[in-house]
Amino acid sequence: MSKARHTIALFATLFVFWVLLNGTLAPDTLVIGVLVALAIALLFPNSLSALDDLAPLPRVAGAVVRFLAYFIIQLVKANVALAYVVLAPSLPINPGIVKVRTKLKSPVGRLLLANAITLTPGTLSVQLEDEFLYVHWVTVDSDDIEAATASIVAGFEKELEVIYG
Amino acid sequence: MVDALILVAAVLAGLAFLLALLRFLLGPGPADRVVAFDGLTIVSVTGIVLAALFADRVIYLDVALVYALLSFLGVIVVARYLERRP
Amino acid sequence: MGTLLDLLGGLLLVAGTTFLLLGGLGLVRMPDVYNRIQAGTKATTLGTLLTLAGAACLQPGWTIKLGLIGLFLLFTNPLSSQVLARAAHRGGLHPAGVTKVDRLAEDNPRELGPKELGEPS
């Protein structure tokens, strides 16, 4: 993505948030919003935005919806599993830190993947090194890199690959 | 009826707060305390939202948002310190 | 003002705070920092989101602002957990004795120093 497009996307994101937070379209509020959003967009050209590296919109829409649906289901599952572990008197855990590999290239894609992993059943991203993720797993099924990747990463990666190319 | 449910929710949030506080006091390491602090803040954000519902004042939600923001920054800063990078 | 929506909102509030309570319980019961972070992040994220959804049902006019808080937490909550977990590991905090495998420590042998920064309990 070009620098100019990045700045415009960041400016637009900031401005939309500003308007939503203020909940008003009064002219003076809008002017301040434009000035502040512009200043931030120009001062931080190297920041990350969820809009970076985005594939063309029509191709992405379906994948975004599927990603969110899959994510919400996983989040609920994660909490039910956690509730079971926490409430069981014996505290049935089998923790470990495993290594997995991602095919994603985009930094934002990797960030979203790491975030999604953290919020899904029993897994917590500890460190991201290039294509490798170190993941803390409450109930380790397998510490083999391929098996762990299939079990932890694959579900999200499928959609994120479409979204961030 | 709804008020009663809000009250139940507030009690549950209060208990969650106490448990996180227990972990904060027990430690044993600084990282444990930061985790507990993070938990305390998020429970507090929920508490503020409940308070906004009770008092029927939308302005409290801004307080919750800024509180969440500051807590996030706080955790990041302390985590950087714990990393002890050269 | 539909009373059904009010009831749904109230129930969502209670469900959300129940998850918060489970998260608190996890914070206390789990054996080491990494497991505690897991319990802390997941339960509090879903718990808070449900509570915000419940509040939106009770006060439909607040939906946008509640949605912003939810979106913000959805991004920052896992992020702070990850940064904290990484910091704990770099700071030399060993996972608890029950831990099966630690690939990160195997790949970065110098990272974990002597056991000093808070013994695993």
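Reminder, nothing fancy here: chain letters follow the sequence lines and each chain counts from 1.
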Worksheet item: Can you name the closest pair of heavy atoms from C/Ala85 and A/Ser125 and give their distance?
Response: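 That would be CB-O, 4.5 Å.
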Worksheet item: Where is the tightest heavy-atom contact between A/Asn79 and C/Ala43, given as atom of each residue plus distance?
Response: OD1-CA, 3.0 Å
Item to complete: Spell out, as yes or no, whether a donor-acceptor pair under 3.5 Å connects the side chain of C/Gln38 to the backbone of A/His136.
Response: yes
Worksheet item: Between A/Ala78, A/Ala116, A/Ala114, which has the largest tally of heavy atom pairs under 4.5 Å with chain C?
Response: A/Ala114
Discussion item. Quick check on the interface: out of A/Thr123, A/Leu124, A/Val135, A/Asn115, who has the most heavy-atom pairs with chain C under 4.5 Å?
Written reply: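 Most heavy-atom pairs within the cutoff with chain C belong to A/Asn115.
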Item to complete: Could you tell me which portion of A/Tyr84 (side chain, backbone, both or neither) has an atom closer than 4.5 angstrom to a non-hydrogen atom of chain C?
Response: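 When you check distances to chain C, no heavy atom of A/Tyr84 falls under 4.5 Å.
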Item to complete: Among residues two or more places apart or on two chains, list those pairs meeting salt bridge (charged side-chain N to carboxylate O under 4.0 Å, His left out) that have a residue in residues 12-23 of chain A.
Response: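 For residues 12-23 of chain A, and leaving out neighbouring residues, there are no salt bridge (charged side-chain N to carboxylate O under 4.0 Å, His left out) pairs at all.
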Worksheet item: Who passes side chain to side chain contact (heavy atoms under 4.5 Å, CB included) against A/Ala37, sequence neighbours left out?
Response: A/Phe11, A/Leu14, A/Phe15
Worksheet item: Residues in side chain to side chain contact (heavy atoms under 4.5 Å, CB included) with A/Val36, at least two apart?
Response: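 Testing A/Val36 for side chain to side chain contact (heavy atoms under 4.5 Å, CB included), a comparison that skips the adjacent residues, returns A/Ile32, A/Ile40.
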Worksheet entry | Pairwise distance CG(C/Leu25) to CG(A/Leu87) - rounded to 0.5 angstrom |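 It is 6.0 Å, given to the nearest 0.5 Å.
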Worksheet entry | From CG (A/Leu75) to NZ (C/Lys42), nearest 0.5 Å | 9.0 Å
Worksheet item: For C/Leu50, is it the side chain, the backbone, both or neither that has a heavy atom under 4.5 Å from a heavy atom of chain A?
Response: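 For C/Leu50, neither part sits under 4.5 Å from chain A.
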Worksheet entry | Within-4.5 Å side-chain heavy-atom neighbours: A/Ile117 and C/Gln82 | no
Worksheet item: Can you find a pair of side-chain heavy atoms, one from A/Val85 and one from C/Arg29, that are under 4.5 Å apart?
Response: no
Worksheet item: Among C/Ala39, C/Gly23, C/Gly47, which has the most heavy-atom pairs under 4.5 Å with chain A?
Response: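 Most pairs with chain A among the choices: C/Ala39.
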Worksheet item: Which residues from residues 64-74 of chain C are near chain A, with near meaning under 4.5 Å between non-hydrogen atoms?
Response: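 Within residues 64-74 of chain C, the residues that come under 4.5 Å of chain A (heavy atoms only) are C/Ile64, C/Lys65, C/Leu68, C/Leu71, C/Leu74.
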Practice prompt. Would you indicate whether A/Tyr70, at its atom OH, is surrounded by more than 12 heavy atoms from other residues, nucleotides or ligands within a distance under 6.0 Å?
Written response: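 Enclosed: over 12 neighbouring heavy atoms sit under 6.0 Å from OH of A/Tyr70.
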Worksheet item: Can you tell which of A/Thr118, A/Leu111, A/Leu112 makes a side chain to side chain contact (heavy atoms under 4.5 Å, CB included) with C/Pro78?
Response: A/Thr118
